[in-house]
Amino acid sequence: MIGVDLHAHSTASDGFLSPRALMERAAGRGLPVVALTDHDTLTGLAEAALAASEFELRFIPGVEVSANWEGRTLHVLGLGIDTAAPALIEALDRQTELRTARGLAIAGRLERLGFKAAADRAMTMSSGASIGRAHFARALVETGVTRNEEAAFKRYLRPGRPAHVAGGWIELDEAVAALLAAGGQAVLAHPMRYNLSQTAFRRLMEVFVAAGGTGLELGPARLSAAELDTIVGACHRHRLRVSLGSDFHGPGPVAELGTTASLPDRMEVVWEHWGIERLPQRL
Ligand code: AMP
Ligand code: MN
Ligand code: MN
Ligand code: MN
């Protein structure tokens, strides 16, 4: 474990732990620097910041923004954002409206497919949170429709499947601009999860850098050597910083908080920007 985790979710979106419980877990695992990056919402950040100071953690306020690029959804992490910045608040208010409308549309589709119980369950479990497909996936599992979340995504929730509804998210360059306007760093989350061809990935890097993107996340923790090379190579070529995060959603078999890829030598890292000079020691 490395000591910085700049990608994690709470009950403010599709995580299982409250913002406070997340900070408590970071402290319990000896993780000194932690960000909260819920999907398209800042609502968990105040509680997390308060808890982080109680547990003496260095807290980085963040958000994971859903964005459109050439018809695909990409995730852009905003790290070290000013949570009072009007441009960001405006953009996220709009995203929240889109998420709510999409949630209702997904629920409607599931009902028509004969899964009213799952639709109702998802609406209940996401109340007060930034609603997302993970809530529907969990409800489909709980109501016995699919064996696990992976199957729920595969059969119903992915693009091309019967309960998929497009988000209508803001454009990539607008997302980056809103995050920069809030004094944050804009980091492309899990760059290898978008199934891009090499050509498309290179094009994305050009566009991302032109938009003002700051860095790339070196994640998830288990990257192949080739994937690692692609990310590290793009960072060097475009002078992008690297970020590390687990994309923790809750206790379980995958992606424990603080579990990240290990950092190659001589990389510029996003946390230097906040005066965190050296990597905190392993604990
Ligand atoms: P949304 O932003 O509402 O489209 O949901 C994206 C979230 O769904 C991701 O952050 C993950 O938490 C979850 N997710 C996406 N694909 C899968 C999958 N195949 N299995 C489990 N969870 C997934
Ligand atoms: Mn998620
Ligand atoms: Mn993501
Ligand atoms: Mn995430």
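Counting starts at 1 for both ligands and their atoms, following the listed order. What you see below is based on every heavy atom in this structure, not just the backbone, and it leaves out hydrogens, waters and symmetry mates.
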request  = List the closest protein heavy-atom neighbour of atom 8 (O) of ligand 1: residue, atom name, distance to the nearest 0.1 Å.
outcome  = F153 CZ, 3.4 Å

query = Under a 4.0 Å heavy-atom limit, does E64 contact ligand 1 with its side chain, its backbone, both, or neither?
reply = neither

ask   = Which is it for H190 and ligand 1 at heavy atoms under 4.0 Å: side chain, backbone, both or neither?
value = neither

Test of proximity, H75 against ligand 1: N or O pairs below 3.5 Å = no

R29/E256 ion pair, N-O < 4.0 Å = yes

message = When you compare the side chains of D40 and S130, does any donor N or O come within less than 3.5 Å of an acceptor on the partner?
response = no

request  = Say whether H135 and D14, considering side chains only, have a donor N or O and an acceptor N or O under 3.5 Å apart.
outcome  = no

ask   = Does the distance from a Lys or Arg side-chain N to an Asp or Glu carboxylate O, for E97 and R94, drop under 4.0 Å?
value = yes

message = Side chain or backbone, does W169 bring an N or O within less than 3.5 Å of an N or O on ligand 1?
response = no

note = Ranked by distance from atom 19 (N) of ligand 1, the top protein heavy atom is E150 OE1, 3.0 Å

task = Look at the aromatic rings of H9 and H249 and report parallel, tilted or perpendicular, splitting at 30° and 60°.
result = parallel

Step-by-step salt bridge (charged side-chain N to carboxylate O under 4.0 Å, His left out) determination, E142 to R121 = CA-CA 9 Å; E142 278 184 27; R121 178 80 193 105; 2.4 Å; yes

Region of H39 that comes within reach of ligand 1 [heavy atoms, distance under 4.0 Å] = side chain

request  = Please state whether the separation between the Mn ion (ligand 4) and some N/O/S atom of H249 is under 2.8 Å?
outcome  = no

query = Which residue holds the protein heavy atom closest to atom 2 (O) of ligand 1, what is that atom called, and what is the gap in Å?
reply = R99 NH2, 2.8 Å

ask   = How far is atom 6 (C) of ligand 1 from its nearest protein heavy atom, and which residue and atom name does that atom have?
value = R133 NH2, 4.0 Å

ask   = Mind checking whether the Mn ion (ligand 3) has an N, O or S of H190 under 2.8 Å?
value = yes

query = With only distance considered, is S66 within less than 3.5 Å of ligand 1 through an N or O on each side?
reply = no

ask   = Name of the D247 N, O or S atom nearest the Mn ion (ligand 4)?
value = OD1

remark   = Within the 4.0 Å heavy-atom cut-off, what D14 brings close to ligand 1 is side chain

message = Between ligand 1 and H9, can you find any atom pair, the residue atom being a heavy atom, that is separated by under 4.0 Å?
response = no

inquiry  = Among all the protein's non-hydrogen atoms, which is closest to atom 3 (O) of ligand 1, and how far away is it?
reply    = R102 NH2, 2.4 Å

inquiry  = For L79 versus A35, what's the shortest heavy-atom pair and its separation?
reply    = CD2-CB, 4.2 Å

request  = Identify which one of H75, H7, R193 satisfies the side chain to side chain donor-acceptor pair (under 3.5 Å) criterion when paired with E217.
outcome  = H7

request  = Please work out the angle at the Mn ion (ligand 4) defined by atom NE2 of H9 on one side and atom NE2 of H7 on the other, rounded to 10°.
outcome  = 110°

task = Can you tell me, to 10 degrees, how wide the angle at the Mn ion (ligand 3) is between OE2 on E64 and ND1 on H75?
result = 80°

query = Counting N and O atoms only, with roles assigned by atom type, does the side chain of S246 sit under 3.5 Å from a partner on the main chain of T259, one being a donor and the other an acceptor?
reply = no

query = Rounded to the nearest 0.5 Å, how far apart are OG of S66 and CZ of R99?
reply = 4.0 Å

